[in-house]
Amino acid sequence: MTPLRVGTNLPSRTVPSVSGEKMKTMAALLADPNRIHFDVDAVRDAGMGDRVINQGPTNLAYVMNMLISWCGEVSQIRSINARFLGTVYAGDSVIAGGVVKEITPTDSGSEALCDIWLDVDGGARVISGSARVLWPARD
Amino acid sequence: VIAYTELEQLVGRELPGGTFTIEPYKQWLTCDVVGSPELTEDVAHPTFIASVSAMGVTIDEFFTICHASASDGAVFGECANEYREELRVGSTYQVCGRITDVRRKEGQRAGVFDIVQVEFEISDGAGQVAALCRNSLVFKRSA
């Protein structure tokens with residue numbers, strides 16, 4: 001396990017190709033009737049392109065996955081703040097990443113304040129934010 | 001376009017609220033959709049908070065409250081989630097929420113759009129707050 005230090009880059013996590021089919025499942029799970037997530041004609045009608053558009057919660061979940069992979073347990077994630085800056089389309093490759101900005105000692109270890117993000121590979125940043133993650137003392 | 005004075009009246013509006021249970025099949029599907037790493041048994045993926053937020057009122061009903069529809073292309077603006085305890089698969093949670101802020105803005109490209117902020121509390125069976133969620137949704141009102 002890498003020691004926790006300010007400036008440490010969190011191991012990035014890549015989704016090689018965002019699936020339009022999985023957007024349909026997420027639309028059903030969220031009871032989200034917005035057709036831009038499953039009907040490419042609705043995307044075209046809205047002038048938003050010609051591929052279906054991923055749900056914001058799914059994009060944020062890619063960042064959560066990066067944090068879980070890094071810290072090991074969901075329970076260590078204490079908060080996440082995120083701004084949704086752009087659109088992820090079916091077929092895009094996206095990369096979640098982060099960096100430790102601040103470390104605060106706690107009774108049981110440390111709390112890391114991290115900058116977090118999601119980038120379209122070769123494109124724009126689509127999520128920017130911060131997360132607080134507990135980092136237990138390790139022998 | 002709805003008058004801003006009418007929209008402002010949404011601030012403070014309590015949403016119906018309700019309960020939800022994280023069913024194992026929904027956990028499985030959620031983890032599959034988002035490509036989750038392996039989680040400790042019975043721990044829900046933290047993105048469940050997003051679907052939780054929709055349970056006090058459906059997304060479609062929320063759009064209607066905000067004088068919009070699904071075809072208007074509403075998008076997430078920001079979210080802030082605070083986790084006080086893990087959400088557990090198979091557990092039932094109480095959700096209560098309210099609209100806490102409304103702002104109208106205008107951009108050269110986007111035209112008029114409204115940002116509606118909604119906050120939710122998710123409480124466990126013992127009545128303890130397990131998570132807090134603050135979302136802002138952006139509603140485009142004109143080209």
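Just so it is clear, the values below take in all heavy atoms, side chains as well, and ignore hydrogens, waters and symmetry mates. Below, chain A is the first sequence line, B the second, and so on; all start at residue 1. For clarity, every value in this text was computed on a predicted model and none was experimentally measured.
Placement of A:Leu134 and A:Met66 in two distinct hydrophobic clusters is found when ILVMFWY residues are connected by side-chain heavy-atom separations under 4.5 Å, directly or transitively. Taken together through direct or relayed side-chain contacts under 4.5 Å among Ile, Leu, Val, Met, Phe, Trp and Tyr, A:Val99 and A:Val63 form parts of separate hydrophobic clusters. Cluster membership check: A:Leu4 shares its hydrophobic cluster with A:Val6, using side-chain heavy-atom separations under 4.5 Å among Ile, Leu, Val, Met, Phe, Trp and Tyr. Each of A:Trp117 and A:Leu85 belongs to its own hydrophobic cluster when Ile, Leu, Val, Met, Phe, Trp and Tyr are linked at side-chain heavy-atom distances under 4.5 angstrom. Using a 4.5 Å cut-off between side-chain heavy atoms of Ile, Leu, Val, Met, Phe, Trp and Tyr, with links allowed through other members, A:Val133 and A:Val100 fall into the same hydrophobic cluster.
By number of non-hydrogen pairs under 4.5 angstrom with chain A, the leading residue of B:Ser69, B:Gly77, B:Ala44 is B:Gly77. Chain B forms more heavy-atom pairs under 4.5 Å with one residue of A:Ala31, A:Gly129, A:Pro33 than with any other, namely A:Pro33. Ranked by heavy-atom pairs shorter than 4.5 Å toward chain B, the options A:Asn54, A:Asp32, A:Thr87 are led by A:Asp32.
Within a 6.0 Å radius of CZ in A:Arg13, more than 12 heavy atoms belonging to other residues, nucleotides or ligands are found. Within a 6.0 Å radius of CZ in B:Arg103, other residues, nucleotides and ligands contribute 12 heavy atoms or fewer. Counted within 6.0 Å of CD on B:Glu14, heavy atoms from surrounding residues, nucleotides or ligands total more than 12; the atom is thus considered enclosed.
In this structure, OG1 in B:Thr30 is found 12.0 Å from NZ in A:Lys22, a value given to the nearest 0.5 Å. Annotation: the span from A:Ser128 atom OG to B:Glu78 atom CD amounts to 10.0 Å, rounded to 0.5 Å. To the nearest 0.5 Å, atoms CZ (B:Phe63) and CG (A:Asn34) are separated by 5.5 Å. To the nearest 0.5 Å, atom CG of residue A:Leu30 and atom OG1 of residue B:Thr58 are 11.5 Å apart. B:Asn135 contributes atom CG, which lies 7.5 Å from atom CZ of A:Phe84 (distance to the nearest 0.5 angstrom).
With a 4.5 angstrom heavy-atom cutoff, A:Ile77 touches chain B via backbone and side-chain atoms both. With a threshold of 4.5 angstrom between heavy atoms, A:Met26 approaches chain B through its backbone and through its side chain. Contacts of A:Ala46 with chain B are absent, with no heavy-atom separation under 4.5 Å from either backbone or side chain. For a residue to count as touching a neighbouring chain, one of its non-hydrogen atoms must lie under 4.5 Å from one of that chain's; by this rule B:Glu82 touches chain A with backbone and side chain alike. Of the two parts of B:Leu29, the backbone and the side chain both hold a non-hydrogen atom closer than 4.5 Å to a non-hydrogen atom of chain A.
Looking at every heavy atom in both residues, A:Ala61 comes nearest to B:Val34 through CB-CG1, 3.5 Å.
Using a 4.5 Å heavy-atom cutoff, the side chains of B:Cys79 and A:Asn81 are not in contact. The shortest distance between side-chain heavy atoms of A:Ser75 and B:Val43 does not fall below 4.5 Å. A 4.5 Å side-chain heavy-atom check between B:Pro46 and A:Leu67 finds every atom pair outside the cut-off. Taking 4.5 Å as the limit, some side-chain heavy atom of A:Asn65 sits within range of a side-chain heavy atom of B:His45. Side-chain contact between B:Thr47 and A:Leu60: absent, with no pair of heavy atoms (C-beta onward) separated by less than 4.5 Å. Contact annotation: the side chain of A:Met64 never approaches that of B:Ser36 to less than 4.5 Å [non-hydrogen atoms, C-beta and beyond].
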Discussion item. If you apply the rule side chain to side chain contact (heavy atoms under 4.5 Å, CB included), what do you find for A:Val74 with B:Thr40, and how did you get there?
Written reply: CA-CA 8 Å; A:Val74 171; B:Thr40 303; over 6 Å; no
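B:Lys26 places no side-chain N or O within 3.5 Å of a backbone atom of A:Leu29 that could act as its donor or acceptor partner.
For a heavy-atom cut-off of 4.5 Å, chain B lies close to no residue in residues 101-109 of chain A.
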